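Everything numeric here is computed off the predicted structure, so don't read it as measured data. When a residue number appears, it is its place in the shown sequence, counting from 1. Both ligands and their constituent atoms are indexed starting at 1 by order of listing.
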Amino acid sequence: MAKLTLLTLLGLLTPTALSLRPSPGCGKTPALVTSSSTTTPLRITSNNKQREFFVRLPQNYNSSTPHRLIFTLHALGGTAQQVIAGQGGYLPYYGLPPLANSSTTPTVFVIPNGLNNGWQNSNGEDVTFLRSVLSTVESDLCVDQDLRFSTGFSYGAAMSYSLACSLGREIRAVAALSGNPQISGCAAGSEPVAYYGQHGTTDNVLPLAQARQMRDRFLKNNGCAVQAEPPVPAAGSQGKVKTVYTGCLPDKPVTFVVFDGGHVPTPRETGESETFAHKETWEFFSQFT
Ligand SMILES: *[C@@H]1O[C@H](CO)[C@@H](O)[C@H](O)[C@H]1NC(C)=O
Ligand SMILES: *[C@@H]1O[C@H](CO)[C@@H](O)[C@H](O)[C@H]1NC(C)=O
């Protein structure tokens with residue numbers, strides 16, 4: 001009896017070490033999400049507005065396995081359908097499925113549509129919407145609620161940052177590709193969240209300085225060591241400088257990549273045939289298990 005109590009206590013005291021918080025959908029046959037949910041949107045009403053989102057199940061979805069959940073958010077003028085199809089400069093789902101594929105923890109992708117093709121998040125309405133999406137999806141599917149992530153480009157990056165600000169410990173990590181701290185806002189924003197950012201030196205849509213502000217919020221929240229601003233890659237080098245910050249709280253790393261280039265979701269280094277964006281994002285996300 002005493003032993004059992006001690007074990008129970010230990011279990012309660014080490015939640016992150018175990019990192020498994022199965023959602024209410026575990027063990028249930030999905031009643032909402034199907035393999036057609038990448039082509040037929042699911043709808044919910046949020047803030048009196050009809051909103052839609054798509055869901056991509058992994059092959060052989062297993063309702064007894066807690067899945068990783070990744071939001072892939074579109075940019076201004078974009079759509080969820082564009083993220084799914086990989087049109088207009090995107091790779092499908094930001095290029096993540098072929099990498100997520102080989103992981104022992106399978107991934108559910110959630111692809112929502114913003115209002116007016118953006119994520120203005122007026123009075124937090126997009127955070128409210130995405131919270132509802134989480135609860136809807138997690139009631140239907142088996143998700144590890146300690147393995148929620150968000151990524152996106154531009155407005156999608158701004159909204160991922162905003163989610164990190166609002167969800168705090170309820171989201172494990174975000175990857176902000178060429179984002180901005182103002183356009184979707186940041187409510188609360190004082191909890192640590194693992195943070196990956198990337199940004200181009202010559203981005204003339206959303207300036208690099210503001211991407212550094214987003215990074216700096218999480219450097220501070222995550223308790224990372226203060227260090228001088230790293231050098232940027234030389235103009236015309238088509239290179240990148242990747243900084244993995246030190247001293248951050250356990251489980252709360254920060255990585256920032258500055259590349260020689262503009263406002264693009266799929267920057268490539270010189271001599272490379274494909275972008276590094278999805279590889280860096282996946283390297284960052286997959287460290288959490
Ligand atoms: C489903 O997942 C559970 C738990 O991870 C596992 O024990 C079971 O073998 C899986 N079923 C199939 C058909 O893969
Ligand atoms: C990875 O996904 C593709 C389709 O997206 C599928 O054809 C392939 O079999 C998958 N590979 C593994 C190892 O699951």
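Remark: Arg172 fails to qualify as a cation-pi partner of Phe288 under the 6.0 Å distance and 45° angle criteria applied to the six-membered ring. Both the sub-6.0 Å distance and the 45° axial angle are not jointly satisfied by Lys252 relative to the ring of Phe218.
Contacts of ligand 1 (protein heavy-atom distance under 4.0 Å) are Asn62, Ser64, Thr65.
Each side-chain hydrogen bond (donor to acceptor under 3.5 Å, both in side chains) pair with one or both residues in residues 217-226, not counting sequence neighbours, appears once here: Tyr161-Arg217. Counting only residues at least two apart or on different chains, the disulfide (SG to SG under 2.5 Å) pairs with a member in residues 166-201 are Cys165-Cys186.
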Name every donor-acceptor pair, under 3.5 Å, that has one atom in a side chain of residues 27-39 and the other anywhere in the protein, sequence neighbours excluded.
| from | atom 1 | to | atom 2 | distance (Å) |
| --- | --- | --- | --- | --- |
| Lys28 | NZ | Ser139 | O | 3.4 |
| Thr34 | OG1 | Ser36 | N | 3.0 |
| Ser37 | OG | Thr34 | N | 3.0 |
| Ser37 | OG | Thr34 | O | 3.1 |
| Thr39 | OG1 | Ser36 | O | 3.0 |

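Ion pairing between Glu138 and Arg21 fails under the 4.0 Å rule for side-chain N and carboxylate O.
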